[in-house]
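Remarks on the structure that follows.
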Amino acid sequence: MLGRARGILAGKGRALLVAAATVLGLAAVAASHAATVAASLLKVRLGGDAGQTRIVVDLDHSVTARVISDGSGDRRVVVLLQGVATSGAQGAGVGLVKAWVADQTQSGTRLRIDLGGDGQIKRRFLLPPADGVDHYRYVIDVAAEDPGQVRLTNAPAAVRTVKLRAPLPLKKVVVIDAGHGGHDPGAHGADGLEKDINLAAALALRAKLESTGRYKVVLTRDADVYVPLEDRVRVAQRADADLFISLHSDSASEPGLRGASVYTLSDKAFARATRFVKADDWFMRASLTSDPGVSDILFDLTQRATKNRSATFAESLVTKLDGHAPLLRRSHRSAGFMVLLAPDVPAVLLEMGFLSNPQDEQRLRDPRQRAALVDGVAASIDDYFAQTSRMAVR
Ligand SMILES: [Zn+2]
């Protein structure tokens, strides 16, 4: 119900805007990650034209906000409304805005705005209740980067008849992490190294996902270089990832052991990770576990919901890989490995097979057989987002 609500600001908004910008200045940048819920998102309204578009977020309390992406360069505005609760909402755009979605994160409501052309945040401010309006309004003005695009007219922005359209789907951001690299080779096979197989699979998966037009893909590395775990985490955070998948190849002393397996974080490790994140502010330091199979693995998760979404994806991955690649008997395992990622990003780690097994190594080294595995992973990603968007619409 919240999702489809849209409205248009009348010309009066312009006068308010000047006054508010003077009195309040820009919204304060708060530092607290662990903000308690202090406000609720009531409604999101849009108005304006192709030169300038205003987004108004109606709230029942005051709020502070943090800009994660201002739209410059990537046609995407992301603003975190700290401590704001939402049940999720989305809608079609007006003017510069193509579509928007608001969803709940650990720190508050994340508002993502996809722009139809070049534009960026020009100003943002909070309006307190006034002039017969009984709630707070957080206002974001997005303007075209190219001044030539702005229509020079004294008339107020065209007030359009509000027609409900199906919201345009936003591109999902998938971060693919090719394990190891550079001076860290990972597992050794008879004919090659894990780091090279991981990278080849990551590049193939990127190509496959990008070919659908539905995904923005970010790699933590696209060459044979060493990337510290903390840097992989930052890549995912900066990308504002919707999903994180780490690709690895296993090794075992038992040469008969073969097949792919998928890891998410176990309850025990989850509790520990949560504590760690609270103590160390988003980042966890690598602490090798006693589990020999996963000691080189990177992972994350701190939020119960994120963990559940990770499990959803992991189950989908196991299902879709079946038939594309041999699987270990208990293919979805949870383990106590160290995890290093943004707390809000659902994440899984895929061990694609065992380099200590000759058949698996052959399968992973052969581009055609690797492509079959990559197809299965891509299908599971499609499946995961189809499931999560159905949940959001409900
Ligand atoms: Zn590995």
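Everything quoted here is computed from the prediction, not taken from an experiment. All values below were derived from every heavy atom in this structure, side-chain atoms included, with hydrogens, water molecules and symmetry-related copies excluded.
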Does the side chain of [X] reach to within under 4.5 Å of the side chain of [Y], using non-hydrogen atoms?
{"X": "Asp382", "Y": "Arg214", "value": "yes"}
{"X": "His188", "Y": "Glu194", "value": "no"}
{"X": "Trp100", "Y": "Val44", "value": "yes"}
{"X": "Leu317", "Y": "Ile245", "value": "yes"}
{"X": "Gln120", "Y": "Val142", "value": "no"}
{"X": "Ile140", "Y": "Ile121", "value": "yes"}
{"X": "Lys195", "Y": "Asp184", "value": "no"}
{"X": "Arg363", "Y": "Met352", "value": "no"}

| said: Atom NZ of residue position Lys216 - does it have more than 12 heavy atoms of other residues, nucleotides or ligands inside 6.0 Å? | reply: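 Yes, NZ of Lys216 has more than 12 neighbouring heavy atoms, counting only those of other groups under 6.0 Å.
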If you round to the nearest 0.5 Å, how far is [atom2] of [Y] from [atom1] of [X]?
{"X": "Asp383", "Y": "Ile381", "atom1": "CG", "atom2": "CD1", "result": "10.5 Å"}
{"X": "Arg221", "Y": "Asn198", "atom1": "CZ", "atom2": "CG", "result": "6.5 Å"}
{"X": "Lys172", "Y": "Leu209", "atom1": "NZ", "atom2": "CG", "result": "14.0 Å"}
{"X": "Asp177", "Y": "Leu350", "atom1": "CG", "atom2": "CG", "result": "11.5 Å"}
{"X": "Tyr138", "Y": "Thr64", "atom1": "OH", "atom2": "OG1", "result": "8.5 Å"}
{"X": "Asp250", "Y": "Asp360", "atom1": "CG", "atom2": "CG", "result": "9.0 Å"}

| query | Would Lys208 and Val377 count as a side-chain contact (heavy atoms from CB on, under 4.5 Å) if you check the C-alpha gap in whole Å, the side-chain angles of each, and the deciding distance to 0.1 Å? | reply | CA-CA 10 Å; Lys208 178 79 187 171; Val377 176; over 6 Å; no
Check [X] against [Y] and note the closest heavy-atom contact, atom names and distance.
{"X": "Ala39", "Y": "His61", "result": "CB-CB, 3.6 Å"}
{"X": "Val84", "Y": "Ser40", "result": "CG1-C, 4.0 Å"}
{"X": "Ala102", "Y": "Leu41", "result": "CB-CD1, 4.2 Å"}

Give a yes or no on whether [X] and [Y] share a hydrophobic cluster (residues Ile, Leu, Val, Met, Phe, Trp, Tyr; joining criterion: side-chain heavy atoms under 4.5 Å apart).
{"X": "Leu111", "Y": "Ile68", "value": "no"}
{"X": "Val217", "Y": "Tyr384", "value": "yes"}
{"X": "Leu80", "Y": "Leu115", "value": "no"}
{"X": "Leu193", "Y": "Leu199", "value": "no"}
{"X": "Val63", "Y": "Val67", "value": "yes"}

| message | Can you tell whether the side chains of Asp103 and Arg110 come within less than 4.0 Å, N to carboxylate O? | response |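 Counted as a salt bridge, because a side-chain N and a carboxylate O are separated by less than 4.0 Å.
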| said: I'd like to know if Asp242 pairs up with Arg112 as an ion pair, taking the criterion as any Lys NZ or Arg NE/NH1/NH2 lying under 4.0 Å from an Asp or Glu carboxylate oxygen. | reply: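 Salt bridge between Asp242 and Arg112, a charged N being under 4.0 Å from a carboxylate O: yes.
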| request: Report the C-alpha separation of Val174 and Phe385 in whole Å, then their side-chain angles, then the decisive distance to 0.1 Å, and conclude whether the side-chain contact (heavy atoms from CB on, under 4.5 Å) test is met. | output: CA-CA 11 Å; Val174 179; Phe385 284 118; 4.1 Å; yes
| request: Evaluate side-chain contact (heavy atoms from CB on, under 4.5 Å) for Leu257 paired with Asn357, printing each intermediate quantity in order. | output: CA-CA 7 Å; Leu257 205 55; Asn357 176 277; over 6 Å; no
| message | Using the side chain to side chain contact (heavy atoms under 4.5 Å, CB included) criterion, which residues pair with Ala190? Sequence neighbours excluded. | response |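 Residues passing side chain to side chain contact (heavy atoms under 4.5 Å, CB included) with Ala190: Glu361.
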| request: List in chain and number order the residues that pass side chain to side chain contact (heavy atoms under 4.5 Å, CB included) with Arg238, two or more places apart in sequence or in another chain; answer none if no residue qualifies. | output: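 Arg234.
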| request: Please test Val78 against Arg76 for side-chain contact (heavy atoms from CB on, under 4.5 Å), starting from the C-alpha separation and ending with a verdict. | output: CA-CA 6 Å; Val78 182; Arg76 167 186 274 239; 3.8 Å; yes
| field | Geometric class of the His248/His180 ring pair [parallel <30°, tilted 30-60°, perpendicular >60°] | value |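 Judged by the thresholds at 30° and 60°, the geometry between His180 and His248 is perpendicular.
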